[in-house]
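Here the structure comes first, spelled out in structure tokens, and everything after it is commentary.
Nothing here was measured: the structure is a model prediction, and the numbers come from that model. Hydrogens, waters and symmetry mates are skipped; everything else that's a heavy atom, side chains included, is used. Below, read A as the first sequence line, B as the second, and so on, with proteins coming before strands; counting in each chain starts at 1.
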2 protein chains.
Amino acid sequence: MARPRKPLLSADRIVAAALVLVDEEGLDAVSTRRLAAELGVSGPSLYNHFRTKDQILEAVADAVSAQVDLSMFEDGRDWRRALHDWAVSYREALTAHPHLVPVLARGPGRRPAGLRLADAVFGAMVAAGWPPAQATSIGALMRYFVLGSALGSFAGGFVDDVSAYDPADYPHLGQAHLLAERQEQIDARAFETGLSALLDGLALQHARSTGAGTPS
Amino acid sequence: MARPRKPLLSADRIVAAALVLVDEEGLDAVSTRRLAAELGVSGPSLYNHFRTKDQILEAVADAVSAQVDLSMFEDGRDWRRALHDWAVSYREALTAHPHLVPVLARGPGRRPAGLRLADAVFGAMVAAGWPPAQATSIGALMRYFVLGSALGSFAGGFVDDVSAYDPADYPHLGQAHLLAERQEQIDARAFETGLSALLDGLALQHARSTGAGTPS
DNA sequence: ACCTGAACACCGTTCAAGT
DNA sequence: ACCTGAACACCGTTCAAGT
């Protein structure tokens with residue numbers, strides 16, 4: 001075929017197809033040949049639009065990061081509520097594409113949407129009166145919690161098989177095989193419990209450091 | 001050579017060599033051929049001891065999980081202090097082998113050490129008076145936080161390059177390129193801040209649910 | 001039982017060739 | 001500029017053959 005008069009591919013089309021493939025069949029299914037086939041071209045064609053396969057995945061990760069809502073840092077919401085709403089939006093974006101979390105976990109690097117996200121949180125915390133060093137910590141620790149919660153479900157990590165949990169070995173895991181079933185609910189509840197605890201704890205600290213305010 | 005009178009390989013030797021390889025060159029460096037070469041045998045030999053490459057990595061992950069200290073749940077320590085010390089030990093075990101975190105993140109599955117870990121936390125929280133559903137949440141959310149903090153350093157995720165952070169795009173990231181340098185310190189501080197906040201918040205909740213006690 | 005080399009169906013990436 | 005097929009150096013895994 002050689003060069004068509006109208007390009008068959010574009011960075012956006014490649015990213016979109018890669019996201020579908022990741023969601024449907026996991027990270028391992030994304031090979032350059034497979035992805036190209038999905039787009040109706042041959043493997044090496046992708047290299048006209050991205051320098052490496054890794055850069056394709058980075059672009060996919062950035063597209064997902066871009067879906068995280070940041071508007072709560074702009075209106076007048078107090079820092080605690082803003083942080084809560086942001087964490088919820090962040091987690092939703094990631095759990096919609098669980099196979100991609102290991103890629104996102106590599107850090108914002110040079111991904112624009114990832115950086116915008118880090119920038120918004122940091123700026124909002126400083127504006128709320130947190131010292132810069134604390135604002136950095138908050139950005140980091142919220143990221144830890146959200147990524148951790150999206151990466152590998154806790155409940156889904158257990159096997160749906162009674163015999164896997166011999167009571168002699170694990171005296172307290174008698175109900176563990178049930179976790180797999182109610183996976184989503186258990187992960188969602190643990191996330192909310194942890195997020196509330198985190199924000200309660202930060203509010204205590206904020207009250208102490210500004211010497212005023214009533215926490216919780 | 002064929003079968004030697006004394007086996008050249010053992011599961012333990014393979015796991016140990018794989019851990020060294022992961023630590024020194026990352027997950028991608030662990031191929032069956034490369035790992036076998038490191039052990040002085042040919043690639044397919046490994047399949048006499050493990051059914052798949054993935055099971056080798058699971059075994060490596062379990063070996064690392066086994067290094068997490070669980071003794072704090074046995075002596076008389078109060079739940080809050082036990083949880084703190086456990087989280088610190090957990091994080092230390094993981095940050096010693098950062099490349100392995102994505103494997104650990106798949107969940108305890110059938111890995112004995114991973115299950116022992118989940119069992120110990122759950123049991124200790126129930127013993128401390130938490131209702132079972134809450135104890136499950138605590139096990140999950142602590143795991144989120146520790147895994148998230150070990151998986152991809154926050155500070156290390158930024159690029160050590162001023163030009164990456166155009167102030168027009170990211171008004172608050174003027175110092176971001178400095179994060180890469182002081183990576184470990186920043187991650188360690190964010191972890192401690194987050195862990196304290198988490199425990200403060202949980203203590204508040206514990207006090208509320210048992211209707212007594214003075215938190216923090 | 002435990003190792004070997006050969007083989008299969010894959011990879012990511014480069015590159016000269018085509019329009 | 002943007003696609004192609006061929007090629008290179010890899011993969012994970014299977015299997016018959018050797019002792």
Side-chain angles (χ1 to χ4, degrees), chain A residues 1-62 99-100 102-103 106 109-111, chain B residues 1-62 99-100 102-103 106 109-111:
Chain A
M1 175 181 299
R3 173 162 121 91
R5 54 181 48 175
K6 199 164 181 306
L8 297 174
L9 252 35
S10 70
D12 283 350
R13 275 199 70 216
I14 294 171
V15 167
L19 182 55
V20 170
L21 202 49
V22 171
D23 285 345
E24 289 180 355
E25 308 190 33
L27 257 187
D28 287 345
V30 184
S31 74
T32 55
R33 293 188 219 299
R34 174 72 197 280
L35 177 55
E38 219 70 48
L39 287 158
V41 298
S42 82
S45 304
L46 302 175
Y47 290 83
N48 287 297
H49 304 269
F50 289 96
R51 269 192 17 223
T52 62
K53 173 187 159 178
D54 207 72
Q55 293 210 342
I56 298 176
L57 291 175
E58 288 286 307
V60 175
D62 204 51
H99 298 305
L100 207 63
V103 179
R106 291 178 204 157
R110 295 177 185 273
R111 286 185 264 118
Chain B
M1 175 183 299
R3 172 160 120 93
R5 53 181 49 174
K6 200 168 181 303
L8 297 174
L9 253 33
S10 70
D12 282 350
R13 274 199 70 216
I14 294 172
V15 167
L19 183 55
V20 170
L21 202 47
V22 170
D23 285 345
E24 289 180 353
E25 308 189 35
L27 258 187
D28 288 345
V30 185
S31 75
T32 54
R33 291 185 222 289
R34 174 71 196 282
L35 176 55
E38 219 71 46
L39 287 158
V41 298
S42 82
S45 303
L46 302 174
Y47 290 82
N48 286 298
H49 304 268
F50 289 95
R51 268 194 16 226
T52 61
K53 173 186 158 180
D54 208 71
Q55 293 210 342
I56 298 176
L57 290 176
E58 289 286 308
V60 176
D62 205 50
H99 298 305
L100 208 62
V103 179
R106 290 178 206 158
R110 294 174 184 276
R111 286 184 263 118

Atom CD1 of A:Ile56 and atom C1' of C:dC11: how far apart are they, to the nearest Å? 14 Å

As a test of your reading of the structure, name each stem of DNA chain C as range with range, where a stem is three or more consecutive Watson-Crick or G-U pairs at under 3.5 Å. C:4-8 with D:12-16, C:12-16 with D:4-8

How long is the span from the CD1 atom in B:Ile14 to the CG atom in B:Leu35, to the nearest 0.5 Å? 7.0 Å

Find the distance B:Leu8:CG to C:dA1:P and express it as a whole number of Å. 17 Å

Taking every heavy atom of B:Val103 against every heavy atom of B:Leu57, the minimum-distance pair comes out as CG1-O, 3.8 Å

Do any of residues 34-49 of chain A sit with a heavy atom less than 4.0 Å from DNA chain C, and if so which? A:Pro44, A:Tyr47

Report the C-alpha separation of B:Leu8 and B:Leu39 in whole Å, then their side-chain angles, then the decisive distance to 0.1 Å, and conclude whether the side-chain contact (heavy atoms from CB on, under 4.5 Å) test is met. CA-CA 9 Å; B:Leu8 297 174; B:Leu39 287 158; over 6 Å; no

Interatomic distance where NZ belongs to B:Lys53 and C1' belongs to C:dC11 [whole Å]: 12 Å

Looking only at heavy atoms, what is the nearest atom pair of A:Ala18 and A:Val60, with distance? CB-CG2, 3.7 Å

Rounded off to whole Å, could you give me the CD1-to-P distance for the B:Ile14 and C:dC2 pair? 11 Å

Contact list please: residues 23-33 of chain A against DNA chain C, heavy atoms, distance less than 4.0 Å, in numerical order. A:Val30, A:Ser31, A:Thr32, A:Arg33

Less than 3.5 Å apart, which donor and acceptor atoms pair up between the side chains of residues 19-31 of chain A and the rest of the protein, not counting sequence neighbours?
{"residue": "A:Asp23", "atom": "OD1", "partner": "A:His97", "partner atom": "ND1", "Å": "3.0"}
{"residue": "A:Asp23", "atom": "OD2", "partner": "A:His97", "partner atom": "ND1", "Å": "2.7"}
{"residue": "A:Glu25", "atom": "OE1", "partner": "A:Arg34", "partner atom": "NH1", "Å": "3.2"}
{"residue": "A:Glu25", "atom": "OE2", "partner": "A:Arg34", "partner atom": "NH2", "Å": "2.7"}
{"residue": "A:Ser31", "atom": "OG", "partner": "A:Arg34", "partner atom": "N", "Å": "3.1"}

Stepwise side-chain contact (heavy atoms from CB on, under 4.5 Å) check, A:Val15 with A:Phe50: CA-CA 10 Å; A:Val15 167; A:Phe50 289 96; 3.9 Å; yes

Scan for side-chain hydrogen bond (donor to acceptor under 3.5 Å, both in side chains) pairs involving residues 8-21 of chain B, sequence neighbours excluded, and state none if there are none. none

Can you list every side-chain hydrogen bond (donor to acceptor under 3.5 Å, both in side chains) pair that touches residues 40-56 of chain B, not counting sequence neighbours? B:Asp54-B:Arg106

